[in-house]
Structure formats: C-alpha cells, structure tokens
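Inspection log for the structure reproduced underneath, given as structure tokens.
Chain letters run A, B, ... following the sequence lines, proteins first and then strands; every chain starts at 1. From a predicted model like this one, the values you see are computed outputs, not experimental measurements.
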2 protein chains.
Amino acid sequence: MAAPLPIPSPEPAPLPPTAWAVLGLLSFPGERTGYELKKWASSSLRHFYWSPAISQIYAELRRLEALGYATSRRSGPEEPRARRAYAITDAGRAALAAWAAGGHDAGPPVLKHPLLLRVWLGHLTEPARLRAMVSEHIAYTRGELAEVAGALEHAEGVEAWAHPQIALRWSARHLEAELELAEELLADLARLDGGPDVRADARPKASGAGPGHPGQPPDDAPTHG
Amino acid sequence: MAAPLPIPSPEPAPLPPTAWAVLGLLSFPGERTGYELKKWASSSLRHFYWSPAISQIYAELRRLEALGYATSRRSGPEEPRARRAYAITDAGRAALAAWAAGGHDAGPPVLKHPLLLRVWLGHLTEPARLRAMVSEHIAYTRGELAEVAGALEHAEGVEAWAHPQIALRWSARHLEAELELAEELLADLARLDGGPDVRADARPKASGAGPGHPGQPPDDAPTHG
DNA sequence: ATGGACATGTAATTTGTTACATGATTGC
DNA sequence: GCAATCATGTAACAAATTACATGTCCAT
C-alpha cells in the first residue's frame, strides 16, 4: 500500500543512527533494493558502523518511505524478478545532510569487543587458552583487512566514492592498528604468565608472525557475523 | 521476594554478553551494588565494551540471581542507606569461567563510529564542517585517554587487577591509535578538498594540539551515551 | 531547607535479532 | 529436477533505552 501521507515536516525527524545509515546508503547515485543494501552494508559499512539485520533494513526502508525520505518503485513486468527498488527523495537528502552536519551530535564511538571482555576476565581462564584466543583474533583480523583492501580497490578512482573511500581507508588503518594492538596484548599476557619478574633476555618478541597460527579466517562467510 | 528456585542447571545458560559483563564485574573480590557496578562500568568497561544503562544493570542482576549465579544481601539496619549488594556464587563463577574460555564464540568486535558514518557521507557536508567534526573528535578522544590513564593508575600494582589492567592498557593504546587515525583522516580530507593535486608544501601538519578544543567530555553523565 | 549525590526500581517504548514462510530465477 | 541465490516480508522475541517514581543522606 502507498504511504499514508508523506508529511513534509520542516525539521528532520529524530531517527536512530541506523535509519540515517540506511538513508545514507541510498544517498549515492542510483536506486537499490533492500537486499542490495544489505550486501553493501556487510561489505563496507560494517567495518566502521555495523550491519543491521536484513529484516531491519526492510523496516527502516518502510519508515523512510513513510517519512517521505525515500520512494520505492516496484519492478514492472519488463524486469524478471519482482523487486522493490528505493531511491532517496529531495526531502530525504536534505534531512540527511542536516543530520550529517552534526546538529545533534550522534554520540561517541561505541566499541563492543568480546575478546577484550575475556581478557579482562583473564583471572578465570587458563593463560594458554587466553593467548590462543588472541591469536585466533589476529588471524580473523587479517581476513577482515584483506576484505577491506578488496572493497577499497573497488571504490578506487570512482569520483562519487571519494568519501566512502576515505572511510574505507580509515577502516583498513584501523584494522592494522588492531593487529598491532593484539600483538602487544599477547606480549602483555606473556609477561604476566612469565611471572612478575620479567627477565630482560625473555626474547625481544619479534613482532612478526608468531609460531604457526592457523590460516586466515573466512573471507566472505562471516562465521560469526 | 526471594528468587523462586535457583535451579542449578549443569550447562551454563545462554546469556547475552551484557549479562556476562555484569557477572564479570561481580567476579572480582568483594560485593557491590548496582549503582557501584554502573560507575565502574562507566569508567573502565566502557572503553572496550560499553556501559549498559543502570536500569539494565539492575535487570541483569535480578536475572543472574534468578539463575543462581549471584546472591544479594539487603543492608541491615547497621548500615545507613538501604542498598542491595550482590556477590557472585560458585555456580556463577563456574558458568562465567566456561563462557570466558570461549566455548561458543562471542563474535567479532563491533564498532559503531558515528563520526565515520558522517565522513562516509561527506559528499553531503561542507568540507570545513566535516574537518571541524574530526577535530572535535580528536579533542574528545584526548579526554578519554586521560580518563583511561587515570583508571590505569588506579589499578596499578593491585595483584587481583592484573587482567583488568591489561585490558585498560589495551584501551589506552587503542585511543592513541584512534588519535593517529583521526589525524590521518584529517589529512585525507584536506587532500580531497585541496583537489586531486596535493602540494608538497601544504603544511606538514604538526600533530600537536589543535586550536583551543574545549575541555574533556562528561565523565559520568553520558551526554550522549 | 535545599540541592545534589546515593540508591533502587517500574513502565513504556524502541531497537534489533532470529526464525520462519514464500516464491521466482539461474545454473548445473 | 535440484540447489543456490535472489528477494521480500512477518511474527515472536530479546535487548536496551528513556522517562518516571520514590526515598535517603549529606553538605551548605
């Protein structure tokens, strides 16, 4: 059914960041379906702002349409599959621009890092187990980095993708930092395990690859996404 | 009322990470109230795993007690204020240890970075405005770093806090990396604004403090938490 | 006596997830 | 024909937030 009444409210509606993220996806040239949005979010948005469930994307799209921030078009009989493609409206673009300019302050970055939660609880875990989890994380992160590098190549050169490209570059660097942080974490844990008195000769801890940690993680199927 | 029946189930209940985080808070020596837990979470847990709303902490505490993972004690008449202090039980400690050992895999780190979301949407924003937001973020992050440094001092030396200390050290390094990332982001944006041809003489970008950024952020009232 | 920190909680609402249902199209 | 992918959605639920209600204790 058609949206009841696309009320053109003057001030932008107070929406959760997720809604703006979805609208943002729509703000780049072209129209796209919820399905496509989900794939895009999973491959790039995810690295600096998480990827909502597909069902939520559909819900947000409906809301955006009800607000008059997006329009949808059902594919006609000429196209094979039945699909609903969304596009941003002028009102939507204006509201999004107002939000992006930071009038209300979207809040500080929030990090949920389950591995660190476990490290924090390290007094309950066998030291070797803990270190193994950190190593696993390193392998996983390497996979992520490879994925971002791929997405980055994809955006390279295209004029309209300049900012997404910068965001992706940030993500790549962030993952590199994450890798380094994890190595240092490993060193800290080793120091702890070795006892309070650290011997100076306790191997300078070459930051290179540790002893055979298993191969890289899934590069497409998020085993635990 | 007393919990209906602390069923001692053999396998640990499948709980959301938040519940484990709260139980984790309880796993350190001593008993504490929901209020205290909230303050502690805000000052340290927050930096690597977010701080739940106080109402949710109370809710989780009730759930943990119902599961037999925690016990509570209402302050007697000897103590001034009426307060309910919680302590972890042996079953709780066992369940938490099992979770921490990583049997089920708590998932990858999730980052929600509103600033990056805005950078990603940079095509909608005035370049100067965008850069100002990044600068603001740098100032904010410096404040965060100072806070972590404070918390770190607090944990220093105490035997039982070894792992929390390592987590905090990670957080401090993470914030330092965040600072560097933001500087690089600023440089990327400047490069974009300056046109595709970057002049080599475009100021080496002293990484020192920017012009008068306002004081540190709220340390207790989450203005936008 | 007044305001602020301490302290606990309930209710309403929103946000977000998982599981499920359905069906078309493509490639083997 | 069959499996995988495309595509959309609903329903049930879980997680989490905000706003509110209530009261104590402490310092000024």
Side-chain angles (χ1 to χ4, degrees), chain A residues 1 13-22 31-42 45-46 49-66 72-86 104 106-107 110 112 220-222 224-225, chain B residues 1 13-22 31-42 45-46 49-67 72-86 104 106-107 110 112 218-225:
Chain A
M1 11 183 129
L15 293 170
T18 306
W20 299 117
V22 170
E31 48 169 33
R32 26 191 92 65
T33 67
Y35 194 87
E36 286 166 339
L37 254 26
K38 171 61 184 171
K39 279 193 305 180
W40 190 14
S42 300
L45 198 57
R46 189 184 115 224
Y49 204 87
W50 136 89
S51 183
I54 178 74
S55 65
Q56 203 194 345
I57 288 182
Y58 285 124
E60 293 294 359
L61 285 171
R62 283 189 291 266
R63 160 154 65 178
L64 292 171
E65 186 166 32
S72 74
R73 190 178 64 78
R74 236 205 133 95
S75 61
E78 72 284 358
E79 267 170 291
R81 268 158 221 268
R83 41 189 264 133
R84 181 175 293 272
Y86 287 82
H104 359 171
V110 173
K112 276 193 183 191
D220 111 273
H224 47 206
Chain B
M1 326 154 183
L15 293 171
T18 304
W20 298 116
V22 171
E31 49 169 33
R32 30 191 90 65
T33 68
Y35 195 87
E36 287 167 339
L37 255 26
K38 171 61 184 172
K39 280 193 305 180
W40 189 15
S42 300
L45 196 58
R46 190 184 113 224
Y49 203 88
W50 137 90
S51 181
I54 178 73
S55 65
Q56 203 195 343
I57 289 182
Y58 285 124
E60 293 294 357
L61 285 171
R62 282 190 290 268
R63 161 154 63 179
L64 292 171
E65 186 166 31
L67 285 166
S72 74
R73 188 178 65 78
R74 237 206 130 96
S75 61
E78 72 284 358
E79 268 170 291
R81 269 157 219 268
R83 39 189 266 133
R84 180 175 294 272
Y86 287 83
H104 356 171
V110 172
K112 276 194 182 190
D219 73 37
D220 111 274
T223 306
H224 44 206

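For the pair Glu60(B) and Arg63(B), the salt-bridge criterion is met [side-chain N within less than 4.0 Å of a carboxylate O]. Using a cut-off of 4.0 Å between Lys/Arg side-chain N and Asp/Glu carboxylate O, Arg83(B) and Glu36(B) are scored as salt-bridged.
With distances taken from any side-chain atom of Tyr86(A) to the nucleotides dT18(D), dT17(C), dG9(D), the minimum falls on dG9(D).
Put simply, CD1 on Ile57(B) is 13 Å from P on dT18(D), counting in whole angstrom units. Rounded to whole Å, the distance from CD on Glu31(B) to P on dA7(C) is 13 Å. dT15(C) atom P lies 12 Å from atom CG of Leu64(A), rounded to whole Å. Taking atom CZ of residue Arg62(A) and atom C1' of nucleotide dG9(D), one finds them 6 Å apart after rounding to whole Å. In this entry the distance linking NZ of Lys38(A) with P of dG9(D) reads 17 Å, nearest Å. In this structure, Glu60(B) places its CD atom 8 Å from C1' of dA15(D), rounding to the nearest Å. Rounding to whole angstrom units, CD1 of residue Ile54(A) and P of dT17(C) are separated by 11 Å. Rounded to whole Å, atom P of dT8(D) lies 9 Å from atom CG of Leu61(A).
Contact annotation: Thr33(A) does not reach the phosphate of dC6(D) (side-chain N/O to OP1 or OP2, under 4.0 Å). Phosphate proximity of dA16(D) to Lys112(A): present, with a side-chain N or O under 4.0 Å from OP1 or OP2. Look at Tyr35(B) and you'll find a side-chain N or O under 4.0 angstrom from OP1 or OP2 of dC6(C). Phosphate contact (OP1/OP2 of dT8(C), side-chain N/O of Arg84(B), threshold under 4.0 Å): absent. Taking 4.0 angstrom as the limit, Arg63(A) places a side-chain polar atom (N or O) nearer than this to OP1 or OP2 of dT15(C). Using a 4.0 Å cut-off, some side-chain N or O of Trp50(B) falls inside it from OP1 or OP2 of dT17(D). Within the structure, every side-chain polar atom (N or O) of Arg83(B) is placed at least 4.0 Å from both OP1 and OP2 of dG9(C). One finds no side-chain N or O of Gln56(B) lying less than 4.0 angstrom from the OP1 or OP2 phosphate oxygen of dA15(D).
Note that OH of Tyr58(B) is 8.0 Å distant from OH of Tyr35(B), once rounded to the nearest 0.5 Å.
Each of Glu31(A), Arg62(A), Arg84(A) was scored for a side chain to side chain donor-acceptor pair (under 3.5 Å) with Ser72(A), with one residue passing: Arg84(A).
With hydrogens and angles ignored, a donor-acceptor pair closer than 3.5 Å exists between the side chain of Ser55(A) and the base of dT18(C).
Here the side chain of Lys38(B) pairs no donor or acceptor atom with the backbone of Ser55(B) at under 3.5 angstrom.
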